[in-house]
Structure formats: structure tokens, C-alpha cells
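Heads up: the structure comes next, in C-alpha cells.
Numbering of ligands and ligand atoms starts at 1, following listing order. FYI, the numbering just counts along the sequence from 1.
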Amino acid sequence: MSHSNSPPPTGQQRDAAILVTGAGGEMGHGLLSALWSTQGRRAVILALDVRELAPEIRAHCDHSFVGDICDHALLERLLAMYEITEIYHLAALLSTRGEFAPETAHQVNVGGTLNLLHLAAEQARSHGRTVKFFFPSSIAVYGLPDLASKRAAGDVGEDQHCEPHTMYGCNKLAGEHLGRYYAQHYRKLAKDRIAHPVDFRSIRFPGIISAETMPSGGTSDYGPEMIHAAAAGRAYCCFVRPDSRIPFMTMPEAIDSTMRLMSAPKSTLRRTVYNVASFSPSADDFATLVRRAFSASQISFEPDLGRQSIIDSWPESCDDAAARAQWGWVPQHTLATAFSDYLLPRISSRYPQTKPDAQTA
Ligand code: AKB
């Protein structure tokens, strides 16, 4: 099924198009609106999701499609209808959900990524130009063996500790390697190969906190869940220990970093995959700011051993020196300013029934 905000292609000539998969997810929301407002855009925006998109998301794309990234016939149809120049492949099953159905997670996360990379390479072959490909990877690719190693590790660099403990982490690492393969080595032995069909760029995101949407199926979800629960006037029982610490960033920072990486000149990029870092609070740091902002909030801690073990395998902080040096990544927030300047002002309009006590943290 598809919806259009502009006339569909006539069949005479293929429109240049930017494809966003997983468009209805947390990140799709922010990314579509950033792409839509990009000045001087020369391609139509296509949104793909397994579920029908909400009207406010549909407003930020030219055509939307309901379908599965594992559906070859749908991808072939897109290939025939459009000249795809850029792909933002956001669709994935996250780390907690993936542990309940690891084989399904593999099919969607790796199989889907392979399908999209193949689509990109075939597009490049058909229109003769490299297709840009954005792949959101994750701190889940890291796997510290135990809590003592995690605490001793300091800022973890991109090439350290890549021994994930979750299927999602394995899938993200596989996606990174497949992207590098399609960018640099695709069909190495074929006589009719085209060199570098895909310009693959990837960011390993930390936990992302959005004031607009709620995550689901992730293990870093306790941060945003705690804030949204307090704002909605609900009690929250946190599934990790108060001293649990992993990196986080706000959704606007995640979108900004994506747009910056994708617009960086290729010649400045020395890697295909980059860490970005903003702030690294403990779960207790979150709780302290939430209690300060919403004095009636009720937060308790009841660690779930399985999810705790995932958090204990992710680094406390990441080294983002390459992103800073090569494409100008700069974080916009500390935890305190994320609360005072982004979350509290935006969240209070989403939950008007509960007003925060303080606008500054
Ligand atoms: C998850 O928790 O699975 C994600 C992630 C850190 O990639 N939010």
C-alpha cells in the first residue's frame, strides 16, 4: 500500500529519490522532518515502514509505502519506479526484543540490511552513480566481558572490544562489515563489476532520548522511559541498578550527527563507522534530575538480571575523536542542558496535565 503527497512517477522517467526505511520509528520521525526541510533538495523522499505512517510523519515525505524490508518484490518495485540516490536504513529490531527472537532479529537486521545494500548497488549500476547509504549502528556492537573491565575501559574507541553479547549487537556489527564490503569490494571477481557502488557511512549511536516519541524494544530505554513516565504522572520501576552507566544523547543530536556525516565530503572521511558521544549519566543521575523536575515522581529500582547484563557489557563512554576531527561532530548537550533546554520544555507540551516544577535542572 502507498500514499503520495506529490504525483506518482509517470513511468517515462524515474524521479531521483531518497529512501528512508523504518520511517515510522523513533529516529525516522526526526530524520524525515530534517530531510524534508533541507534547502535545495533535488530528490523526492520515500518513506518505508511495516506499519502505516501517522499523518504527521507522512507530511514529511513525498510517497510512503507500507511493507517489509525483507520483501524482495517491493524493493524491486521501488528500484523500477525511482532512481534512488540515498538510503537511510533505519529499520531494525532492537536489543531487548532481539533476545526474545534472535533468529527473527537476524533475518530483519542482517537480511534486511543485505537487501538494502543490494538495492543500493543495483541502483548504482542502473544510473551509473554511487548511492549514499546511512546505517545507524549502535554501542551494542561493543561487549565488555565484565563490570570490572567496563569500569576500567575508559573511552572505548571504534576498534576496541567489538565482541557483542546480544544478537542485535552482532547484527549491527555484521551490517557495518557488509556496508564496508559493498562500498569497497562488492563482486570483486565479476568482469562487469563497478567499483565503489555504495558510499556507506555509519554512526554507532548511544541510547537516544526523544521528547517526542517513546522507544520500544531497546535496553537503553530506561532513560527515556523514566522521564516520560514522570511527565505523564506514572510511577516508574527502573530495570537496571542505579549505578548503571552508558552513553546517551538527545534525538536532535542524533539527527544533527546523521545530517553532518551524510553531507561531509567523502575525501575527509577516513573510516566508514564512527562513535559519537554526548553525555554518560548513571541511571541514578537520570532519577535525580527527574525527581528535581517532577517532585511527585515515583521512581524505584528493580534490576532485571538479563537486561542488566546487557547494559554491563556496553561501555561507559566512547571515544569520538575521529567524528570530531573528520566531519565536525560536536555534542550540543550535557545531561543537565538536555533536561533544561530540550526535554522539559518539549515534554510539558506532550503531557500538559503534569507541569514540571523547575524548568532548569
Ligand atoms: C537499544 O537499547 O537496543 C538501542 C541501542 C543502544 O542501540 N537503543
Lys/Arg N to Asp/Glu carboxylate O, Arg151 vs Asp243, below 4.0 Å: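 Yes, Arg151 and Asp243 are salt-bridged.
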Heavy-atom closest pair, residues Ser313 and Ile310: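 The answer is OG-O, 2.7 Å.
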Residue that, paired with Asp199, satisfies salt bridge (charged side-chain N to carboxylate O under 4.0 Å, His left out) out of Arg129, Lys132, Lys266: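 Checked Arg129, Lys132, Lys266 against Asp199; only one passes salt bridge (charged side-chain N to carboxylate O under 4.0 Å, His left out): Lys266.
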Matching residue for Ser95 among Thr219, Asp221, Asn171, Thr166 - test: side-chain hydrogen bond (donor to acceptor under 3.5 Å, both in side chains):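 Considering Thr219, Asp221, Asn171, Thr166, a side-chain hydrogen bond (donor to acceptor under 3.5 Å, both in side chains) with Ser95 is found only for Thr219.
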May I have a table of the N/O to N/O pairs between ligand 1 and the protein that fall below 3.5 Å, each row giving the two atom names and the distance to 0.1 Å?
from: ligand 1; atom 1: 2 (O); to: Ser95; atom 2: OG; distance (Å): 3.3
from: ligand 1; atom 1: 2 (O); to: Thr219; atom 2: N; distance (Å): 2.6
from: ligand 1; atom 1: 2 (O); to: Ser220; atom 2: N; distance (Å): 3.0
from: ligand 1; atom 1: 2 (O); to: Ser220; atom 2: OG; distance (Å): 3.2
from: ligand 1; atom 1: 3 (O); to: Ser95; atom 2: N; distance (Å): 3.0
from: ligand 1; atom 1: 3 (O); to: Ser95; atom 2: OG; distance (Å): 2.5
from: ligand 1; atom 1: 7 (O); to: Ser138; atom 2: OG; distance (Å): 2.7
from: ligand 1; atom 1: 7 (O); to: Tyr168; atom 2: OH; distance (Å): 2.9
from: ligand 1; atom 1: 8 (N); to: Ser220; atom 2: OG; distance (Å): 2.8

is_close_aromatic(His228, Tyr351), centroid dist under 6.0 Å: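 Between Tyr351 and His228, which both carry aromatic rings, the centre distance is below 6.0 Å.
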Flag, side chain of Asp15 to backbone of Tyr82, donor-acceptor distance under 3.5 Å: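 Between the backbone of Tyr82 and the side chain of Asp15 there is no qualifying donor-acceptor contact (under 3.5 Å).
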